[in-house]
Engineer: 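Questions regarding the structure given below will be posed in turn.
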2 protein chains.
Amino acid sequence: MQTMTDLIHAPTPAEDPGIQATDRLARAGLRPTRQRVALAKLLFDGRDRHVTAEQLHGQASTADMRVSLATVYNTLHQFTEAGLLREVVVEAGRSYFDTNVSDHHHFFVEGSGHLLDIPGHALEVSGLPEAPAGTRVARVDVIIRLSAGG
Amino acid sequence: MQTMTDLIHAPTPAEDPGIQATDRLARAGLRPTRQRVALAKLLFDGRDRHVTAEQLHGQASTADMRVSLATVYNTLHQFTEAGLLREVVVEAGRSYFDTNVSDHHHFFVEGSGHLLDIPGHALEVSGLPEAPAGTRVARVDVIIRLSAGG
DNA sequence: TTTAAATCTGGATTCATTCCAAATTTCATG
DNA sequence: CATGAAATTTGGAATGAATCCAGATTTAAA
Ligand SMILES: [Mn+2]
Ligand SMILES: [Mn+2]
Ligand SMILES: [Zn+2]
Ligand SMILES: [Zn+2]
């Protein structure tokens, strides 16, 4: 549930890499439950991360945090809805969650399944046709698929 | 298995939209089994199509062709390996197979799951960073995600 | 505190896709 | 045209990511 105080904040989480997990949740209007705080600490450690639910669940287990896989899925989706994460689909049957919510694109290394960020300003897409009537552009994803072997 | 005669052909299937299903298979070095010919007829009807395995299986059933779902999957993958199709991933948990194997990109309409082609020449991606050492660019996919509501 | 709403959880379930081993079909060869 | 080895097909089982569910627990407004 949203409370009045959620509406008076200006700064975006992405702008402030050093903010604490609890603050981040508060700003996003999410209750700071034990599980969410724990997962936020793992996710927002300063690096840009691209993780699957299973990977994050594994990392939490390793760190002796008790969180069910169902909650990891719930949390990742909640964080995504709140704009704290972005979902990236590059392979059928697997979703990555990206802690970098700024405008950017990706290298995808086919064999390893690794995602690498390409800053949005580095890459330019020109000649975009108009969106079909009755639709609007929600997002432009550029995925550069890489194979091993230079 | 490939035979000697597979190697002496020049023209690419994509260049000749009117060729028969059996010819297409022969040129790709695939045996013209009843199932493959039937599916090729459905797929390469002149239009550019983006179908899932389930959709194609449904269409085959409707047309009173008896083909198992396992064979549809096998065939789609074989056609893709042979360069007759291209696999497109835009949503987790679902693969589309594209009869347009020329260089192009896609609009993806979020709600309906529809894919629309954007000719490759219409769109230009500039400022591509160099591929990381030990890798080469296999493909560049641009996906423009559309939401309903102009 | 009290208590309703929100959240968490293990287990069942869904669903696309893959796997499997037996049955059938294709086709090079004689 | 017949033979046989290799390729292909197939129904059903298995997989694995993701979702669903309903009961137990936690959060936070009042
Ligand atoms: Mn996963
Ligand atoms: Mn499908
Ligand atoms: Zn990223
Ligand atoms: Zn296409």
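So that the names make sense, note that chain A is the first sequence line, chain B the second, and so on, each numbered from 1.
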Engineer: Return the value, rounded to whole Å, for the distance between atom CE of Met65(B) and atom P of dT9(D).
Structural biologist: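 Distance, rounded to whole Å: 14 Å.
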Engineer: Can you tell me how far C1' of dA16(C) sits from CZ of Arg94(B), to the nearest Å?
Structural biologist: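 These atoms are roughly 9 Å apart.
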Engineer: What integer distance in Å separates Leu25(A):CG from dA28(D):P?
Structural biologist: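 In whole Å, dA28(D) P lies 11 Å from Leu25(A) CG.
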Engineer: Between atom CD in Glu91(B) and atom P in dC15(C), what is the gap in whole Å?
Structural biologist: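 In whole Å, dC15(C) P and Glu91(B) CD are 15 Å from each other.
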Engineer: Taking C-beta and beyond as the side chain, do Val90(A) and His106(A) meet within less than 4.5 Å on heavy atoms?
Structural biologist: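 Counting from C-beta outward, Val90(A) and His106(A) never come under 4.5 Å.
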Engineer: If we check ring-ring contact (aromatic ring centres under 6.0 Å, His included) with Phe97(B), which of these qualifies: His57(B), His77(B), His50(B)?
Structural biologist: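 Option passing the ring-ring contact (aromatic ring centres under 6.0 Å, His included) with Phe97(B): His77(B).
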Engineer: Can you measure Leu56(A) atom CG to dA17(D) atom P for me and round it to whole angstrom units?
Structural biologist: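 Answer to the nearest Å: 15 Å.
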Engineer: For the helix from dT1(C)-dA30(D) to dG30(C)-dC1(D), measure the angle between the helix axis at one end and the axis at the other, each built from five pairs, rounding to 10°.
Structural biologist: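 Inter-axis angle at the ends, rounded: 30°.
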Engineer: Using whole Å, report how far CG of Leu39(B) lies from C1' of dT9(D).
Structural biologist: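 From Leu39(B) CG to dT9(D) C1': 12 Å.
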Engineer: Using heavy-atom distances to pick each residue's nearest nucleotide on DNA chain D, tell me which of Ser68(B) and Ala92(B) is more 5'.
Structural biologist: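 Nearer the 5' end of the strand: Ser68(B).
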Engineer: For the CG atom of Asp117(B) and the OG1 atom of Thr99(B), what is their distance to the nearest 0.5 Å?
Structural biologist: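 The distance works out to 7.5 Å.
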Engineer: Please report the closest heavy-atom contact between Ala53(B) and Val72(B), naming both atoms and the distance.
Structural biologist: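 Shortest heavy-atom contact: O-CG1, 3.6 Å.
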Engineer: Working to the nearest 0.5 Å, report the span between OG of Ser61(A) and CD of Glu54(A).
Structural biologist: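 Reported value, rounded in 0.5 Å steps: 10.5 Å.
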Engineer: For dT9(C), take OP1 and OP2 only and decide whether either is under 4.0 Å from a side-chain N or O of Gln35(A).
Structural biologist: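 The answer is yes; a side-chain N or O of Gln35(A) sits under 4.0 Å from OP1 or OP2.
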Engineer: What's the verdict on side chain to side chain donor-acceptor pair (under 3.5 Å) for His104(B) and Asp48(B), showing C-alpha distance, side-chain angles and the deciding distance?
Structural biologist: CA-CA 12 Å; His104(B) 71 286; Asp48(B) 285 339; over 6 Å; no
Engineer: Arg49(A) and Gln59(A): side-chain donor and acceptor closer than 3.5 Å?
Structural biologist: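 There is such a pair between these side chains.
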Engineer: Pull out every protein N or O sitting under 3.5 Å from an N or O of nucleotides 18-25 of chain C, one pair per line with the distance.
Structural biologist:
none

Engineer: For residues 122-135 of chain A, please give each side-chain donor-acceptor pair under 3.5 Å, one per line with the distance, not counting sequence neighbours.
Structural biologist:
from, atom 1, to, atom 2, distance (Å)
Ser126(A), OG, Glu124(B), O, 3.4
Thr135(A), OG1, Pro132(A), O, 2.6

Engineer: What do the steps show when you test Val142(B) against Ile118(B) for side-chain contact (heavy atoms from CB on, under 4.5 Å), and what is the final call?
Structural biologist: CA-CA 9 Å; Val142(B) 177; Ile118(B) 300 172; over 6 Å; no
